[in-house]
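Below, each value reflects all heavy atoms present in this structure, side chains not excepted, and no hydrogens, waters or symmetry copies. We name chains A, B, ... by the order of the sequence lines, and we start the count at 1 in each one.
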Protein chains: 2
Amino acid sequence: MTRQQLKYKRKSVVNRKNALIDATLSLIASKGIKGATVRAIAQHANVTQGLIRYYFNTKEQLITAAYRHHMGRLTQVTFAPLNSMPEEGPATRLATFVASGLVPPVVDPGSLSVWASFINKVQNDKTMRETHRETYFEFRDCLEMLIREALVEAGKPASEEGLRQLAIATNAVIDGLWLEGGALPDAFERGELAVIGVRSVSAIIGIDLPEGKSDK
Amino acid sequence: MTRQQLKYKRKSVVNRKNALIDATLSLIASKGIKGATVRAIAQHANVTQGLIRYYFNTKEQLITAAYRHHMGRLTQVTFAPLNSMPEEGPATRLATFVASGLVPPVVDPGSLSVWASFINKVQNDKTMRETHRETYFEFRDCLEMLIREALVEAGKPASEEGLRQLAIATNAVIDGLWLEGGALPDAFERGELAVIGVRSVSAIIGIDLPEGKSDK
DNA sequence: CAATTGATTATACAAGTGTATAAAAATTGG
DNA sequence: CCAATTTTTATACACTTGTATAATCAATTG
């Protein structure tokens, strides 16, 4: 009584894990957390459901890994432009950083959906809460540094408390525009959010920032 | 073979519906959307699970009603202070409006969790998308009006396009601070978000707004 | 190329899910 | 106070969920 089994190709561990994580994020992005069942994930990744447990002891582990992956990608995409222009002045660097978080693929309904789906787990799971906290402060500290340098350059240095508040405010502008762009993608012109973001940050810290981010 | 049935009190339709909606929102706030099962909701509302279907044809209906209820409450709490001071000047009214959305119970982990839990459904369900759209533009249009009046008062009227962008930016500041306050409640002092919010909006629109919102 | 190891599939299972329906209790009207 | 109606409970059901395990196939290695 031999059972006929489908043919398959073996993949490396990281390939499989990434494929499963991608399938998970893709499903959460489109159908929410409820759409990310083990069976749906397996189907989306073109494997059978048993394989998931071979790579992840539990579904919770897969979900947690997917969250880290998503946040890591957001961070990476946002920081990349900054790292590729180490020789520019502080004002330009700050403007670039702000704008890079306000265009696709960071601003995106799916990206927002994934982030939102994890919020509750972040609040209840200690590990995820720590990941979230780190991501947030990584952003904010970077902003604070960029703002400090820009203010020094302009000859208007601020106090530590002042810097903290400016960083919180600037971060809020970015997060708020990111949120709105993801929640109502049709309500804004292309590139509009980035322009508004840079202009607002410019006003908040009291420094003229270069707006016309050359598309190259 | 008569079965022993528990005693109970009958309640009015609106009372029951509200109780079920409250239980739903409470569960979503603490345990996320997955925690809001019909059985858990019924237990939280001290009824048996069958009753839910008596008041709501389907669980989807209950969820949708809960979403409307939550958004309506947020709107109400934010607009209440504004409506209670119709005789104040535009600047004061704007500052009050901004600040009222940046203190509890609007800024709150549970409130954020509920909002986030619905984001995906909002993107996929036409009815909920419309509710969301209306809520957003109700806020933004109100902000735009307050900003317009404040600018006129200060003798710096802006163009329509300029006003639109200022409203988007101001709304983003509020949303961003709201989001951060709900996601990391321990990261900010009490009242800090409101102060930063008013100060930022002040800088963005270029008008001095009264900061010290008297606690009365 | 045979044998062993490791990856993948197939299948089963218990628990939880939303929904459906009949019985029982509470309320109302005559 | 009895009959009719509405609200609430109790129970059942089919389906989905995450997990567990054994069979089977692919790759590696000697």
Side-chain angles (χ1 to χ4, degrees), chain A residues 1-24 27-28 30-67 117-118 120-121 124-125, chain B residues 1-24 27-28 30-67 117-118 120-121 124-125:
Chain A
M1 183 72 161
T2 61
R3 40 182 180 181
Q4 188 82 348
Q5 195 169 297
L6 288 176
K7 307 305 167 88
Y8 60 89
K9 277 273 182 62
R10 296 169 87 167
K11 293 271 176 69
S12 76
V13 175
V14 296
N15 276 0
R16 264 307 181 226
K17 282 199 169 186
N18 277 340
L20 292 174
I21 288 174
D22 284 344
T24 304
L27 279 168
I28 295 179
S30 58
K31 302 183 185 176
I33 193 73
K34 288 180 82 171
T37 66
V38 287
R39 284 165 180 82
I41 294 169
Q43 189 172 8
H44 211 78
N46 279 109
V47 296
T48 52
Q49 60 159 322
L51 197 63
I52 290 179
R53 238 182 80 72
Y54 182 76
Y55 286 101
F56 299 92
N57 276 336
T58 169
K59 189 195 170 185
E60 191 70 15
Q61 278 188 22
L62 169 55
I63 295 291
T64 305
Y67 176 63
S117 297
F118 282 115
N120 181 260
K121 289 182 189 293
N124 290 332
D125 182 298
Chain B
M1 185 69 164
T2 61
R3 40 182 178 180
Q4 189 83 348
Q5 196 169 298
L6 288 177
K7 309 306 166 87
Y8 60 88
K9 277 273 185 63
R10 294 167 93 166
K11 293 268 177 72
S12 76
V13 175
V14 297
N15 275 1
R16 265 305 182 227
K17 282 199 168 183
N18 278 338
L20 292 174
I21 287 174
D22 284 345
T24 304
L27 278 168
I28 295 179
S30 58
K31 302 183 185 174
I33 194 74
K34 287 179 81 171
T37 68
V38 287
R39 284 164 180 80
I41 294 169
Q43 189 172 8
H44 212 77
N46 278 110
V47 296
T48 51
Q49 60 160 321
L51 197 62
I52 290 179
R53 238 183 81 72
Y54 182 76
Y55 286 102
F56 299 93
N57 274 337
T58 170
K59 189 195 172 187
E60 192 71 13
Q61 278 189 19
L62 168 56
I63 295 291
T64 305
Y67 175 63
S117 296
F118 282 116
N120 180 261
K121 289 182 187 294
N124 289 333
D125 181 299

(message) Strictly below 4.0 Å: does A:Thr58 bring a side-chain N or O up to OP1 or OP2 of D:dG18?
(response) no
(request) Choose from D:dT9, D:dT8, D:dT19 the nucleotide whose nearest atom is closest to any side-chain atom of B:Arg16. (result) D:dT8
(request) For the side chain of A:Val38, starting at C-beta, report the closest nucleotide among C:dT9, D:dA12, D:dG18. (result) D:dG18
(request) Report the nucleotide, chosen from D:dA10, C:dT11, C:dT9, that has the shortest atom-to-atom distance to any side-chain atom of B:Thr48. (result) D:dA10
(request) State whether A:Phe56 and A:Lys17 meet the cation-pi test: NZ (Lys) or CZ (Arg) under 6.0 Å from the six-membered ring centroid, and within 45° of the perpendicular axis. (result) yes
(request) Provide, to the nearest angstrom, the distance between the CG atom belonging to A:Leu20 and the P atom belonging to C:dT9. (result) 10 Å
(request) Check the distance between C:dT8's P and A:Gln43's CD and give it to me in whole angstrom. (result) 18 Å
(message) Between P on D:dT16 and NZ on A:Lys31, what's the gap in Å once rounded to a whole number?
(response) 13 Å
(request) Could you tell me the separation between the CG atom of A:Asn46 and the C1' atom of C:dT9, rounded to a whole number of Å? (result) 14 Å
(request) Whole angstrom is fine here: how far is it from OH in B:Tyr54 over to P in D:dT6? (result) 7 Å
(request) Please say whether more than 12 non-hydrogen atoms of neighbouring residues, nucleotides or ligands are located less than 6.0 Å from CD in B:Gln61. (result) yes
(message) Has A:Asp22 got a side-chain atom pairing as donor or acceptor with A:Ala66's backbone, closer than 3.5 angstrom?
(response) no
(request) Give the minimum heavy-atom separation between B:Gly35 and B:Ala40, together with the two atoms involved. (result) O-CB, 3.5 Å
(request) Rounded to the nearest angstrom, tell me the gap between atom CD1 in B:Ile52 and atom C1' in C:dT17. (result) 12 Å
(message) Nearest to the side chain of B:Lys59, heavy atoms from C-beta on, is which of C:dT19, C:dT9, D:dG18?
(response) C:dT19
(message) Tell me if the side-chain of B:Arg39 makes a donor-acceptor pair with the base of C:dG18, cut-off 3.5 Å, by modelled atom types.
(response) yes
(message) If you compare all heavy atoms of A:Ile21 against all heavy atoms of A:Ala65, which two are closest, and at what distance to 0.1 Å?
(response) CD1-CB, 3.9 Å
(request) Give the rounded distance in Å between these two atoms: CD1 of A:Ile33 and P of D:dG18. (result) 10 Å
(message) Nearest to the B:Gln49 side chain among D:dT6, C:dA12, D:dA12, which nucleotide is it?
(response) D:dA12
(request) Return the 5'-most residue of the pair A:Lys34, A:Tyr55 with respect to DNA chain C, ranking by each residue's nearest nucleotide. (result) A:Tyr55
(request) Can you tell me the distance, in whole Å, between the CG atom of B:Leu51 and the C1' atom of C:dG18? (result) 15 Å
(request) Ignoring hydrogens and angles, answer whether the base of D:dG18 and the side-chain atoms of A:Arg53 contain a donor-acceptor pair closer than 3.5 Å. (result) no
